[in-house]
Amino acid sequence: MSKQHFPQASILGYPRIGRRRELKKALEAHWAGTLTEQQLHERAFAVQQQNLERLVQLGLDPANGSLPGDHAYYDQVLDTLVALGAVPSRFAEVLSAPLSTADAFTLARGDAQRAPLEMTKWFDTNYHYLVPELGERTTLRANPAGLLENFTAHARAGHTIRPTLVGPISFLLLAKAEEGAARSGFTPLHRIDELVEVYAQLLAELAAAGVGWVQLDEPALVTEAGARHAVPGGLAERVYRQLSSGPRPALLVTTGYGTAGQLTRPGEGLGVLARAGVDAVQVDLVRGVAPQPEFLGQLQGTTVVAGIVDARNVWRNHLGASLIALRALRQAVTAAGGRLAVGTATSLLHVPHDVALEGNLPEGLADWLAFADQKVSEVLTLATGLEHGEDAIARELVATERALAARAAYPGTTVPAVRERLAGLGEQDLQRPDEQQRAAAQRAGLQLPLLPTTTIGSFPQTAEVRAARAAHAAGTLDDQGYRRFVEQEIARVIALQEELGLDVLVHGEAERNDMVQYFAENLDGFAVTEHGWVQSYGSRATRPSILFGDVTRPAAFTVPWISHAASLTGKPVKGMLTGPVTILAWSFVRDDVPLQTSARQVALALRDEIQDLQQAGIRIIQVDEPALRELLPLRAAAQPEYLRWSVDAFRLATGGAAAGTQIHTHLCYSEFGEVIGAIDALGADVTSIEAARSAMEVTADLKSFGYRRGIGPGVYDIHSPRVPSQQEIAELIGTALDSVDRQALWVNPDCGLKTRGYAETTASLANLVAAARQVRADQLAAI
Ligand SMILES: [Zn+2]
């Protein structure tokens with residue numbers, strides 16, 4: 001069978017939330033009951049249509065399959081689950097295939113009896129997907145209705161979209177074994193043959209309905225043997241041979257987020273898919289390695305889609321360099337019997353819609369940036385350049401060179417004083433006094449009880465708090481009025497904590513819209529956007545800051561709030577900082593200096609802040625690193641180097657703290673097994689860590705690692721409004737005491753409380769304090 005030619009220019013996916021977050025608003029209105037399901041469908045369709053119209057306006061062909069059909073109300077993994085009819089057994093009582101939109105929301109949000117599907121980060125990004133649950137008998141049944149309806153509706157409006165699904169291998173590798181199923185050694189991948197049948201059926205139905213192209217995303221193909229999501233050798237070939245052989249639309253298989261197959265043989269994985277029969281294969285040239293001619297083999301007319309435009313960062317593409325790379329690749333691909341097309345490295349889901357929406361960026365910055373819409377234009381420009389030569393895109397090439405030169409020459413890009421300070425650092429700057437000395441000084445200075453209780457930092461962000469911050473940002477509340485408001489809020493939170501009887505207090509973080517953006521706003525070298533929203537999960541989006549220059553700290557910025565809190569109580573107040581890795585992980589970072597250089601710069605700014613906090617008399621300082629695990633490279637070979645510099649950045653930030661200053665850190669959002677060594681190497685005196693949902697598993701891991709310093713495994717899950725009982729918390733503390741020395745154990749929630757309401761927060765914390773007191777008394781009695 002001769003292969004279909006994939007269009008010369010396309011993108012793998014586009015932001016789904018809408019230029020003004022229309023989809024978010026519609027979803028939330030629907031969940032709140034003010035929008036019917038029909039109205040939700042209409043609004044969502046309108047958002048999709050607006051996006052498609054925009055893409056056509058930017059130059060994508062509306063008819064040849066270059067328009068992505070990656071719409072999802074909540075998550076693309078969830079939609080794939082729906083299309084496969086893979087209803088998790090624990091929902092089988094209330095849901096059955098074919099699943100409706102309402103059913104999908106039940107899976108995503110849970111119901112009174114059932115917790116929602118687990119959510120976890122999509123590869124090394126800040127996007128969260130819902131984790132499918134599969135057992136030996138989970139039903140699998142093709143459910144093409146949603147895909148077909150969507151395709152047909154858009155076709156009627158003149159847009160031929162390319163329906164997109166997560167591919168079978170990635171779907172199973174990202175799924176988890178159903179509880180109970182895990183015991184017999186079952187893994188979801190055992191179901192691959194049945195699942196491939198279901199995909200084959202879906203493809204057949206799509207083909208019958210006139211769908212021209214389907215995109216199957218197989219990012220798991222970039223992981224390696226031994227990794228968490230490892231793909232067994234030979235599997236991709238077998239699966240795609242089978243999928244290619246039946247009746248089907250033309251197939252594009254994407255492998256974004258790295259290099260498919262073995263890193264040492266770039267191009268081999270691509271060749272395998274090509275020979276298996278798929279029509280087009282996309283490769284990630286940004287995070288991955290360019291295919292080498294000797295590994296490609298015969299491509300048999302396959303289109304190779306060169307993912308050359310970065311879809312995870314916001315910088316303008318260096319068109320000239322890209323064109324050179326594309327030409328070299330075209331030569332290799334053509335020699336191997338393939339064709340070359342141009343695309344993005346991954347879906348543009350990871351970047352905001354449009355730079356043109358921004359009105360308040362620092363001078364010049366807009367011209368250096370490319371959000372989704374600009375990236376679409378870049379893909380089109382590169383495709384034109386590749387086909388018709390440089391002259392055809394001369395204007396764009398010149399504009400790019402000019403922007404890059406202006407960026408390099410901008411005074412904030414390289415700040416000599418920062419570079420000199422970095423160059424002067426040595427190992428001694430990362431070193432704190434030895435542990436025993438620290439422990440003794442802190443014991444004497446802090447006088448904490450056994451099993452000290454504390455919280456992770458933020459208190460509920462009420463509508464009032466958000467309104468005051470918005471009024472201040474809009475200029476309707478002046479600085480003084482705002483300061484007074486935040487100080488009152490701090491006083492309220494301090495009084496509440498005293499009343500509850502917590503041992504180490506926090507100021508509550510009312511002044512922070514977001515734990516990263518607040519730091520970006522107060523450090524030079526970062527810019528914040530107005531409309532730069534990026535989907536994080538479901539209806540939630542974050543607005544990452546943009547790091548564009550060397551980092552400096554114009555003035556102490558947390559000190560006034562923390563000292564105010566400390567002035568109101570006799571108890572220790574914990575200063576609250578966000579760590580260097582997390583600040584970078586949740587921002588768009590520079591592409592002109594190594595990430596570790598930026599991490600050291602941020603660390604120095606935090607080091608100065610810690611100095612100032614100490615000077616103000618603050619004796620406990622927490623440096624949050626919830627994203628430490630998130631940036632861990634997918635490739636094992638790259639992990640040690642990352643862990644070295646990320647740990648060093650934390651140590652640089654905290655290395656100036658005196659022996660008597662207790663440094664805390666906080667980690668959440670992940671499985672920590674793989675990075676326990678790094679957590680230990682951070683050297684924090686106390687580490688609070690998410691643990692309630694995994695029944696304190698992490699404490700056992702820490703024990704077997706030999707971790708000995710303070711540890712606060714979270715004893716209640718703050719992601720749900722449920723109030724844990726005193727008994728339940730006491731039991732969790734008991735479990736933790738099986739692995740943790742009582743002198744080292746702290747009692748705290750899993751994470752910050754800012755998304756919670758006051759009623760449940762107060763009740764939960766009261767139970768937490770009571771439970772700690774109960775166990776404390778038992779322990780003291782046993783001594
Ligand atoms: Zn947290």
Side-chain angles (χ1 to χ4, degrees), residues 118-121 125-128 453-461 493 502 504-519 536-537 540 542 544 558 574-587 606 620-632 646 650 653-654 663-673 675-676 678-679 682 684 686-699 701-702 710-722 724 729 732 736 746-757 760-761 764-765 768:
E118 194 182 301
M119 204 167 59
T120 193
K121 297 211 175 185
T125 74
N126 195 20
Y127 175 79
H128 304 62
T453 54
T454 190
T455 60
I456 305 305
S458 57
F459 265 69
Q461 295 238 332
V493 169
L502 286 153
V504 171
L505 313 193
V506 297
H507 77 295
E509 302 181 24
E511 80 285 10
R512 303 182 189 179
N513 43 2
D514 170 283
M515 66 185 286
V516 167
Q517 192 179 325
Y518 181 72
F519 284 75
S536 155
Y537 66 91
R540 304 294 277 265
T542 62
T558 66
K574 185 160 66 161
M576 207 48 69
L577 304 174
T578 303
V581 172
T582 301
I583 290 182
L584 296 178
W586 296 347
S587 301
L606 296 173
I620 303 184
I621 300 168
Q622 179 171 310
V623 181
D624 292 327
E625 279 294 23
L628 184 70
R629 167 70 183 72
E630 176 182 318
L631 286 195
L632 189 70
S646 57
F650 184 92
T654 55
I663 296 293
H664 288 217
T665 190
H666 164 71
L667 301 137
C668 55
Y669 288 137
S670 20
E671 297 151 27
F672 296 101
V675 297
I676 291 269
I679 295 173
L682 295 175
V686 180
T687 300
S688 67
I689 193 160
E690 178 178 311
R693 279 188 295 183
S694 59
M696 302 279 124
E697 241 169 58
V698 68
T699 57
D701 288 349
L702 284 162
I711 178 83
V715 293
Y716 91 81
D717 177 13
I718 57 85
H719 298 93
S720 117
R722 203 177 71 85
I729 298 178
L732 284 174
W746 284 64
V747 178
N748 46 256
D750 256 345
C751 190
L753 302 162
K754 72 173 183 187
T755 56
R756 295 271 61 91
E760 75 248 22
T761 294
S764 300
L765 289 178
L768 179 147

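Both ligands and their constituent atoms are indexed starting at 1 by order of listing.
Here OH of Tyr716 is found 10.5 Å from CG of Asn748. Values are rounded to the nearest 0.5 Å.
Side-chain contact between Ile456 and Ser688: present, with at least one pair of heavy atoms (C-beta onward) separated by less than 4.5 Å. In this structure the side chain of Thr454 never reaches within 4.5 angstrom of the side chain of Leu502, judged on heavy atoms.
The two residues Val715 and Leu732 come nearest to each other via the heavy atoms O-CD1, 3.3 Å.
Listed by chain and number, the protein N, O or S atoms at a distance under 2.8 Å from the Zn ion (ligand 1) are His666 NE2, Cys668 SG, Cys751 SG.
Within a 6.0 Å radius of CD in Glu760, other residues, nucleotides and ligands contribute more than 12 heavy atoms.
Looking at Glu630 and Trp586, their side chains do bring a donor and an acceptor atom within 3.5 Å of each other.
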